[in-house]
Amino acid sequence: MALNKPKIVILGAGYGGLMTVTRLTKFVGPNDADITLVNKHNYHYETTWMHEASAGTLHHDRCRYQIKDVINQSRVNFVQDTVKAIKIDEKKVVLANGELKYDYVVIGLGAVPETFGIKGLKEYAFPIANINTSRLLREHIELQFATYNTEAEKRADRLTIVVGGAGFTGIEFLGELAARVPELCKEYDIDRSLVRIVCVEAAPTVLPGFDPELVDYAVHYLEENGVEFKIGTAVQECTPEGVRVGKKDEEPEQIKSQTVVWAAGVRGHPIVEEAGFENMRGRVKVNPDLRAPGHDNVFILGDSSLFMNEDTERPYPPTAQIAMQQGITVAKNLGRLIKGGDLEEFKPDIKGTVASLGEHNAVGVVYGRKLKGTPASFMKKVIDNRSLFLIGGLGLTLKKGKFKFF
Ligand code: FAD
Ligand code: NAD
């Protein structure tokens with residue numbers, strides 16, 4: 001048994017953290033390193049399914065699984081705790097209930113919603129971020145419907161849902177709402193025509209940068225299902241009564257709503273900023289080997305990292321697809337740091353992007369091919385199942401996968 005084995009600490013059991021840890025046990029042997037994984041909860045949740053849990057179209061328990069079920073417990077020490085700070089100079093992580101010393105640390109704490117300092121959003125809007133926020137949003141929407149017919153005054157703001165941001169998260173959530181609202185109307189004896197779903201997008205188009213034909217398809221489908229779009233219109237303030245929105249140089253408009261959902265982007269985890277790394281909106285521009293510049297024992301991956309696309313000279317958008325691929329490179333590079341060998345440069349292999357529009361519709365570009373409708377929806381489920389397979393193998397895929405293809 002080797003003495004003084006290097007200590008590797010992985011922070012976060014999201015897509016990046018779990019891919020790292022499941023591959024790391026293949027690249028380093030039991031005598032090469034001590035491996036510790038820290039996560040706030042004892043479960044991993046599928047961030048990429050949170051629009052479904054938030055709308056109530058998929059139960060949150062379907063979107064999570066126990067971490068111990070996918071890690072090699074004889075090799076990985078799992079610590080359920082909350083990371084409070086990373087002290088880079090002291091090579092230690094401060095947890096809510098103690099601290100951990102490390103030789104190498106992998107930071108995969110994900111993202112938090114970006115509110116751009118807009119007044120009232122943190123206090124009054126609902127983010128789509130994790131199991132807790134999703135469960136709350138689902139319950140809140142249902143409570144508005146349940147309350148509506150119990151009050152003497154029929155309040156339209158209870159039946160008005162505003163979604164800020166028509167990026168992929170906003171659009172996927174609207175797709176779920178389009179399916180969920182008719183169910184809620186039926187359950188609570190409410191006429192569908194009384195319900196307003198309003199999407200407010202600051203950019204001149206929905207899904208900025210995405211294929212225009214697929215954008216048209218998505219907008220048309222959502223409009224047909226009762227979604228109103230306010231394009232080129234920014235959310236300016238959120239209050240307990242609703243939101244103020246406006247177009248440039250025009251009088252702002254107040255929309256009364258008890259449910260304002262904030263889906264207008266993310267920033268890296270605040271702990272990464274507080275640790276003192278140079279960052280852009282909480283994301284650290286990592287070296288090609290995924291280490292933080294100037295810190296040879298610190299890897300950062302997933303939504304807290306920023307990786308440049310050399311072709312476009314812009315950062316890759318933060319996605320699970322990239323976080324998972326980065327996990328493999330981080331695991332390999334940790335193996336090489338410990339056992340010897342040149343570090344690998346991370347090369348993203350972007351297979352495409354698919355956005356769901358409810359359970360049976362979607363739009364996407366996969367391997368350069370445009371897809372819409374049933375084929376796109378089929379592909380989306382294949383992608384969801386693939387990510388389960390890569391982390392937890394066939395057993396997890398059969399347990400948690402999506403197989404209702406049509
Ligand atoms: P995460 O997977 O978010 O994991 C972070 C982990 O860190 C979590 O387990 C969390 O509990 C833990 N953690 C956080 N703070 C602490 C703390 N202080 N202490 C301890 N543990 C902590 N991307 C795609 O590629 N395809 C998609 O279809 C797609 N769909 C999406 C749909 C929605 C609704 C959203 C919101 C995002 C979607 N994304 C998608 C983006 C994708 O989810 C993220 O890019 C991805 O989750 C990033 O992975 P990560 O490993 O960095 O972080
Ligand atoms: P995003 O940054 O992709 O989109 C946010 C949208 O909000 C933008 O269109 C922006 O113009 C708009 N916005 C910003 N400020 C606003 C304001 N004040 N008022 C109105 N609109 C405003 O963020 P996202 O949709 O949360 O996605 C986050 C990341 O997760 C992205 O990298 C995305 O690619 C990824 N994601 C991928 C998928 C998928 O592949 N199916 C699904 C969800 C998220």
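For this chain, numbers begin at 1 and follow the sequence in order. Reckoned from all heavy atoms, side chains included, excluding hydrogens, waters and symmetry mates. Counting starts at 1 for both ligands and their atoms, in listed order.
Looking at Gly16 next to ligand 1, an N or O pair under 3.5 Å apart turns up. The shortest N/O to N/O separation between Phe168 and ligand 2 falls below 3.5 Å. Polar contact check, Thr82 against ligand 1: no nitrogen or oxygen pair lies under 3.5 Å apart. The shortest N or O to N or O distance between Ala202 and ligand 2 is below 3.5 Å. Taking only nitrogen or oxygen atoms, main chain and side chain alike, Asn39 reaches within less than 3.5 Å of ligand 1. By the 3.5 Å distance cut-off applied to N or O atoms, Ile128 is not counted among the residues near ligand 1. Considering backbone and side-chain atoms alike, Ala355 places every N or O at 3.5 Å or more from each N or O of ligand 2. Residue Thr319 places no N or O, backbone or side chain, under 3.5 Å from any N or O of ligand 2. Not a single N or O atom of Ser304, backbone or side chain, sits closer than 3.5 Å to an N or O atom of ligand 1. Backbone and side-chain nitrogen or oxygen atoms of Gly164 are examined, and none is located within less than 3.5 angstrom of a nitrogen or oxygen of ligand 2. Below 3.5 Å of separation, one finds no N or O of His51 facing any N or O of ligand 1.
Residue contacts with ligand 2 for Thr353 involve side-chain atoms from C-beta outward but no N, CA, C or O (heavy atoms, distance under 4.0 Å). Under 4.0 Å from ligand 1, not a single heavy atom of Phe168 appears. Contact annotation: for Ile271 versus ligand 1, heavy atoms closer than 4.0 Å belong to the side chain alone. The backbone and the side chain of Asp303 each have at least one atom closer than 4.0 Å to an atom of ligand 1 (non-hydrogen atoms only). With a heavy-atom cut-off of 4.0 Å, Lys380 touches ligand 1 through its side chain alone. With a 4.0 Å heavy-atom cut-off, ligand 2 is reached by no atom of His51. The parts of Ala320 lying near ligand 1 are both backbone and side chain, judged by heavy-atom distances below 4.0 Å. The residue Lys84 has no part lying near ligand 1, judged by heavy-atom distances below 4.0 Å.
Within the structure, the closest approach of Lys380 to ligand 2 falls below 4.0 Å when heavy atoms are considered. For the ligand labelled ligand 2, residue Trp262 lies inside the 4.0 Å heavy-atom shell. Using a non-hydrogen distance threshold of 4.0 Å, Pro208 registers as a contact of ligand 2. Distances shorter than 4.0 angstrom occur between a heavy atom of Asp81 and an atom of ligand 1.
For atom 4 (O) of ligand 2, the nearest protein heavy atom (residue, atom name, distance) is Gly167 CA, 3.5 Å. Considering only non-hydrogen protein atoms, atom 18 (N) of ligand 2 sits nearest to Val235 O, 3.2 Å. For atom 25 (O) of ligand 2, the closest heavy atom belonging to the protein is Thr169 N, 2.9 Å. The protein heavy atom nearest to atom 9 (O) of ligand 2 is Glu201 OE1, 2.7 Å. For atom 41 (N) of ligand 2, the nearest protein heavy atom (residue, atom name, distance) is Val354 O, 2.8 Å. What sits closest to atom 14 (C) of ligand 2 on the protein, heavy atoms only, is Ala264 CB, 3.7 Å. Looking from atom 30 (O) of ligand 2 to the surrounding protein, the closest heavy atom is Pro318 O, 3.4 Å. The protein heavy-atom contact nearest to atom 23 (O) of ligand 2 is Gly265 CA, 3.2 Å.
Seen from the ring of Tyr148, Arg158 does not count as a face-on cation partner, given the 6.0 Å and 45° thresholds. Annotation: cation-pi pair Lys400/Trp49 absent, no NZ/CZ under 6.0 Å from the ring centroid and within 45° of its normal.
Trp262 and Phe116 have perpendicular rings, their planes meeting at more than 60° on a 0 to 90° scale where under 30° would count as parallel. In this pair, Phe406 and Phe378 present their aromatic rings parallel. The plane angle is below 30°, not in the 30 to 60° band.
For atom 14 (C) of ligand 1, the nearest non-hydrogen atom from the set Leu109, Ile383, Leu18 belongs to Leu109. Of the candidates Val93, Thr48, Asn130, Ile131, the one placing a heavy atom closest to atom 32 (C) of ligand 1 is Thr48. Among Tyr43, Trp49, Tyr45, the residue whose heavy atom lies closest to atom 11 (O) of ligand 1 is Tyr45.
Contact check for Glu139 versus Ile141: no side-chain heavy atoms found under the 4.5 Å cut-off. Using a 4.5 Å cut-off on side-chain heavy atoms (C-beta onward), Lys256 and Thr160 make no contact.
Thr259 and His140 share a donor-acceptor pair across their side chains, judged by distance under 3.5 Å alone. When only modelled atom types and interatomic distance are considered, Gln258 and Asp157 share a side-chain donor-acceptor pair under 3.5 Å.
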